[in-house]
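Note that the coordinates shown come from a computational prediction; the quantities given were computed from them, not determined experimentally. So that the names make sense, note that chain A is the first sequence line, chain B the second, and so on, each numbered from 1.
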2 protein chains.
Amino acid sequence: MRLLIYRYMAGRDAAMALSDIENAFTKVDRTTLYRTLKTFEEKGVVHQIEDGTGISKYALCEPGCNCSIEQDLHLHFHCSNCGETVCLTEHKIPQINLPEGYLAEDVNLVVTGLCEKCST
Amino acid sequence: MRLLIYRYMAGRDAAMALSDIENAFTKVDRTTLYRTLKTFEEKGVVHQIEDGTGISKYALCEPGCNCSIEQDLHLHFHCSNCGETVCLTEHKIPQINLPEGYLAEDVNLVVTGLCEKCST
DNA sequence: CTTAAAAATGCACTTCCATTGCATTGCTCA
DNA sequence: TGAGCAATGCAATGGAAGTGCATTTTTAAG
Ligand SMILES: [Mn+2]
Ligand SMILES: [Mn+2]
Ligand SMILES: [Zn+2]
Ligand SMILES: [Zn+2]
């Protein structure tokens, strides 16, 4: 099952909600997907994305990504038209300077707008 | 009621969830708070913050803020220890460059870590 | 002042997604 | 081969957001 889920995710280029995967595999239970994604995340296979919709999305990590150890540095784009959320892995989050006393552990940057498919 | 809610929010320096305000006013219904915050947001009195916890937070807008018209430019900090989310209104979100074809409408930048109270 | 319309509030209900307990099934390896 | 562990499925729970409708309160016209 994990292999099937992994292959499905590898074939998609946008981030997926749990329900997306659920619809692609009518025969598997939500719970299995939920726990599989949790395992994947712990093992650094996928990373969870909070795009502001309130629905967690998941995407495979790039080869060489070590987001299970340190922070995930690339930004995410959420299209307000088609609803898709994509990883812009080439676009790293710039250095943020914080006020005195603040200690950064993780940075999450989400740009909302129109994606390449919807902007024309 | 709106005045009471406004004053309560003005007295706090961290962003608040709906349940936070609910606990501060035991005599008011959740729905009233919900709709009040919605009205405040539409009128540009408060702005909603998605800090990645999945729970919407609200904070008063600064004088001169026009986030009801255009995007809210400052970043937000979420403390992983005390759970508080604060506006860093002096820290503007840097310019983000996107791939060809992408059109930005809004940017949300949340830094997670330890706040000034929790980092010592 | 009286009264009708509009706005605000409260209650109950729904929906949606995340999460967990527990029983069952499947797999691995001694 | 069988015991132990991992994976799966089912059912239930919980939390938060959102909505329909009745009631109360406010506003403003006459
Ligand atoms: Mn990503
Ligand atoms: Mn803010
Ligand atoms: Zn799109
Ligand atoms: Zn803190």
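Between the P atom of C/dA8 and the CG atom of B/Leu4 lies a distance of 15 Å, rounded to the nearest Å. Atoms CZ (A/Phe25) and C1' (D/dG9) sit 17 Å apart, rounded to a whole Å. Between A/Glu42 atom CD and C/dT19 atom P the separation is 12 Å, expressed in whole Å. If you take CG of B/Leu33 and P of D/dA16, they are 14 Å apart, rounded to a whole angstrom. Between the CG atom of A/Leu37 and the C1' atom of D/dT8 there is a distance of 14 Å, rounded to whole Å. Between the CD atom of B/Glu22 and the P atom of D/dG18 there is a distance of 15 Å, rounded to whole Å. Rounded to a whole Å, the CD atom of A/Glu50 is 14 Å from the C1' atom of D/dA16.
For B/Lys38, the NZ atom sits in a loose shell: 12 or fewer heavy atoms of surrounding residues, nucleotides or ligands are nearer than 6.0 Å.
Side-chain contact check for B/Leu109 versus A/Val107: some heavy-atom pair is nearer than 4.5 Å. Side-chain contact between A/Met1 and A/Thr36 is absent, with no heavy-atom pair separated by less than 4.5 Å. In this structure, the side chains of B/Thr85 and B/Thr53 stay at 4.5 Å or more apart for every pair of heavy atoms.
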Where protein sits on nucleotides 9-18 of chain C, one letter per nucleotide: B base, S sugar-phosphate only, - none, heavy atoms under 4.0 Å: BBBB----SS
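The backbone N or O of A/Leu114 sits nowhere less than 3.5 Å from a side-chain atom of A/Lys117 that would complete a donor-acceptor pair.
For B/Tyr6, there are no ring-ring contact (aromatic ring centres under 6.0 Å, His included) partners at least two apart in sequence or on another chain.
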